[in-house]
Amino acid sequence: MTQQEMLQALQDLIGADKVRTDTDALITFGRDWTKIHEPKPSAIVFPRSTQEVQALVKFANQHQLALVPSGGRTGLSAGAVATQGEIVVAFDYMNKLLEFNPVDRSVTVEAGMITEQLQQIAEEKGLFYPVDFASAGSSQIGGNISTNAGGIKVIRYGMTRDWVTGLRVVTGQGDILELNNRGLLKNNTGYDLRHLFIGAEGTLGLITEATIQLARAPKDLQVLVLGVVGMAEVMQVLHTFQTSLDLTAFEFFSHNALEKVVEHQGLNAPFDTQAPYYALIEFETTQEEQLEEAMRLFEACVEQGWVVDGAMSQSEQQAQNLWRLREDISETISQYTPYKNDISVRVSKVPQFLAEVDQVVSEHYPDFEIVWFGHIGDGNLHLNILKPENLAKEEFFSRCHQVSQWVFAIVSRYQGSVSAEHGVGLIKKDYLHHTRTPEEIAYMKAIKRAFDPHNVLNPGKIFDL
Amino acid sequence: MKVLVAVKRVVDYNVKVRVKADQSDVDLTNVKMAMNPFCEIAVEEAVRLKEKGVATEIVVVSIGPKKSEEQMRTAMALGADRGILIETDEALDSLAVAKLLNKVVADEQPGLVLLGKQSIDTDNNQTGQMLSALAGMSLGTYASEVAIEGEQLNLVREIDGGLQKLQLKLPAVVTVDLRLNEPRYARLPDIMKAKKKPLEVKTPADYGVDTASKVTTLKVEPPAERQAGIKVASVEELVDKLKNEAKVI
């Protein structure tokens, strides 16, 4: 089949105006936020219904073509990039709200709905969609589900997986499946296939619709930022606050991260006292007592010598500004060409793990500056190494590649994950074995073959068959 | 020099305000409240004057419901030394507030009174001006720079089309604008200390001020909803629509 014939066939399937091959579209839809690989899709298609998606998958099976699903393309692991002439299936036109059920407290939406729009719909209904992260204004719910997106509220609300009660998918074979009957809360009837598609990065099927559970909106979120004397103490603070408060977030960042954010974003530091690490704690205050309790816990932490200072938001604006100290780090350090890693270990192991990584990097590359931040409440660390100004980019990344080997060896030893919330895609697939055993990977491949025998869906992502 | 700062408890700036079903007012049940942002700036300026050694004592005053204590404690955590709450559940007119503040000024004899230029709930922008007239003090509004030299207050104020520099004689009433300073965060140790600072609770009756409102609210309505935009195919069509539909050119 020639390229021309293929394009004609695609146009016949879903309409001439839903197929794009202009350079702009090929570049935009051919890559995600990684921007490492050169995007080379052969066409971008914009289906409008599950039936059209099914037609595309069947067409791909007939002609041995590869499809790459594309949501908001905000991924950081190159899960949604097309580098080898694939057809990109973009869900931008499948963004409708299909149903809101106030009794079930659920919404059913098409996969292309922007995450923030889902959050807004929930808010309008007096409810709350609790999965939130910096890219929520661009990412799509289908992509969130395919990558099991996490973010800043995982400690209280879990990952995307915990909020998906039903899915409609087109499998790699072209079958349409309604998984978990559109949102049953209890359904013990054999394998729950829904969970296979969550976090599968589009390798088993294409998600076209999802039923999402909504939560009660939290009331009066208070934000504290504490200056903490060391990493072990950060965990002590976490432990202390968790004993009597329901935290909605517990984040940490290092002093150099704070310095850079304050300088580049023109923000106020929380207080003048310097500390090596800072903890950002968010909790709900339904009653006055919770505020009193937070004060008491702060005092206890100061008495123990873990905490040197702290500030508390006095308004929603201040809460947002304190959050920016953490959320703006990624954007702020991007100008230093950072080498990024998204890793996790069990919460209790974080201090030792972090110390080991720090040591191995500073021992081999004493001139590398390390910026740590992350969702420490759930054991998720973002390790960022900043490129020294006088070092060429290629040289820096080749040394970082070496650093990765060391870091992942430590991750292995701690039974951690080489990708806590960013997925595997192309970028982490060489390191998958650090977190998954050969047996596990073999089972994953068997599952892949069962749903997608001709390997038409996102081939080469997560692993090679 | 003693500095008096007035603060008001208002709906949090980030809250999307809704109108009550009976259109009598905006709905304040279970809505997050905070210190009026302009008052925060006034408090911050007072604290900075104290840090510079210009102010010797900061007295924070608020007029409103009992819960206004929360915002006064915030002011005390930031650096105010003591507070006076004039407790009332009524929504007072600017003039009533100015009369009450005038009584406090008479009692306290501050060298400087700092207020926000307006509160974000009613947006009247009247209280500071009325207070200066009642108290016979000099007035500087919309301050974006405040400097005190002896008995003289040098002020930069934001006006339409630029900045105006004023010299005022103390004692003075100054209302502050957004760019005067960036308020700091309340430190937890200071929040705890603030709980022990003296807070005097009074009522409007204690000052013999008649606070009966002369204004009646007839109806509260949300602003008209914005209509969805449309895409036009050509410049000609755009011009035509601007001319004949929107009638703006």
Side-chain angles (χ1 to χ4, degrees), chain A residues 120 123-124 126 216-228 237 241 262 265-273 278-281 284-288 291-303 307-325, chain B residues 7-18 27 29-41 43-44 47-48 51 60 66-80 116 119-121 178-179 181-196 225:
Chain A
Q120 282 164 1
E123 196 188 323
E124 279 163 27
R216 173 184 69 81
K219 195 176 164 270
D220 259 0
L221 292 174
Q222 290 289 338
V223 178
L224 306 183
V225 173
L226 308 183
V228 191
V237 172
F241 272 80
V262 165
Q265 307 288 342
L267 294 169
N268 269 356
F271 35 76
D272 294 334
T273 321
Y278 300 88
L280 183 152
I281 305 170
E284 196 181 356
T285 48
T286 45
Q287 286 148 352
E288 190 70 22
L291 270 184
E292 301 286 326
E293 182 61 14
M295 291 290 175
R296 198 188 62 76
L297 296 173
F298 168 74
E299 264 187 319
C301 290
V302 172
E303 274 166 26
V307 166
V308 290
D309 208 343
M312 180 160 80
S313 61
Q314 300 293 312
S315 65
E316 183 56 32
Q317 189 62 47
Q318 286 196 350
Q320 286 177 16
N321 287 346
L322 287 172
W323 259 115
R324 282 189 63 193
L325 297 174
Chain B
V7 302
K8 184 174 183 187
R9 175 182 171 91
V10 297
V11 173
D12 191 287
Y13 168 73
N14 281 274
V15 168
K16 219 184 261 170
V17 174
R18 286 171 218 267
D27 195 351
T29 36
N30 284 324
V31 167
K32 188 170 170 66
M33 306 293 279
M35 192 192 296
N36 178 40
F38 292 107
C39 301
E40 277 186 316
I41 294 169
V43 172
E44 174 68 30
V47 175
R48 289 185 188 189
E51 284 168 348
V60 59
K66 174 117 185 86
K67 285 220 156 190
S68 303
E69 276 188 20
E70 289 173 15
Q71 282 64 45
M72 300 182 71
R73 293 291 173 197
T74 298
M76 291 186 213
L78 294 172
S119 60
I120 60 164
D121 48 2
L178 212 55
R179 275 162 287 270
N181 60 48
E182 177 90 27
R184 69 194 69 188
Y185 295 105
R187 287 174 64 240
L188 284 157
D190 295 335
I191 293 175
M192 289 187 285
K193 278 181 216 148
K195 289 185 180 166
K196 298 189 184 81
E225 261 188 52

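Treat the numbers as computed from the prediction; the structure is a model and nothing was measured. Below, chain A is the first sequence line, B the second, and so on; all start at residue 1.
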Output the distance between atom CZ (B/R184) and atom CG (A/D272), rounded to the nearest 0.5 Å. 8.0 Å
Pairwise distance CZ(A/F271) to CG(B/D190) - rounded to 0.5 angstrom: 12.0 Å
Heavy-atom check, side chain of A/E288 versus side chain of B/E70, under 4.5 Å: yes
Please give me the minimum heavy-atom distance between A/G310 and B/P189, naming the atom from each residue. O-CD, 3.9 Å
At a heavy-atom separation under 4.5 Å, does B/E40 approach chain A through its side chain, its backbone, both, or neither? side chain
Where on A/L322 is there a heavy atom nearer than 4.5 Å to chain B: the side chain, the backbone, both, or neither? both
Are any of the side-chain nitrogens in A/E124 or B/K16 under 4.0 Å away from the carboxylate oxygens of its partner? no
Between A/N268 and B/P183 (side chain of the first, backbone of the second, donor and acceptor by atom type, cut-off under 3.5 Å), is there such a pair? yes
Any donor and acceptor pair, going by atom type alone, linking the side chain of B/D12 with main-chain N or O of A/E316 inside 3.5 Å? yes
Before giving the answer on side chain to side chain contact (heavy atoms under 4.5 Å, CB included), spell out for A/Q314 and B/I191 the whole-Å C-alpha distance, their side-chain angles and the decisive distance to 0.1 Å. CA-CA 10 Å; A/Q314 300 293 312; B/I191 293 175; 3.5 Å; yes
Nearest-0.5 Å distance that lies between atom NZ in A/K219 and atom CG in B/N30: 5.5 Å
Side chains of B/L188 and A/D309 in contact at under 4.5 Å (non-hydrogen atoms): no
Would a 4.5 Å heavy-atom cut-off, applied to side chains only, mark A/N321 and B/Y185 as touching? yes
With A/Y278, which residues qualify under ring-ring contact (aromatic ring centres under 6.0 Å, His included), at least two apart? A/F253, A/H255
Structural part of B/R187 lying under 4.5 Å from a heavy atom of chain A: both
A/A269 versus chain B, the contacting section by heavy-atom distance below 4.5 Å: backbone
Min side-chain heavy-atom separation A/Q318-B/M35 under 4.5 Å: no
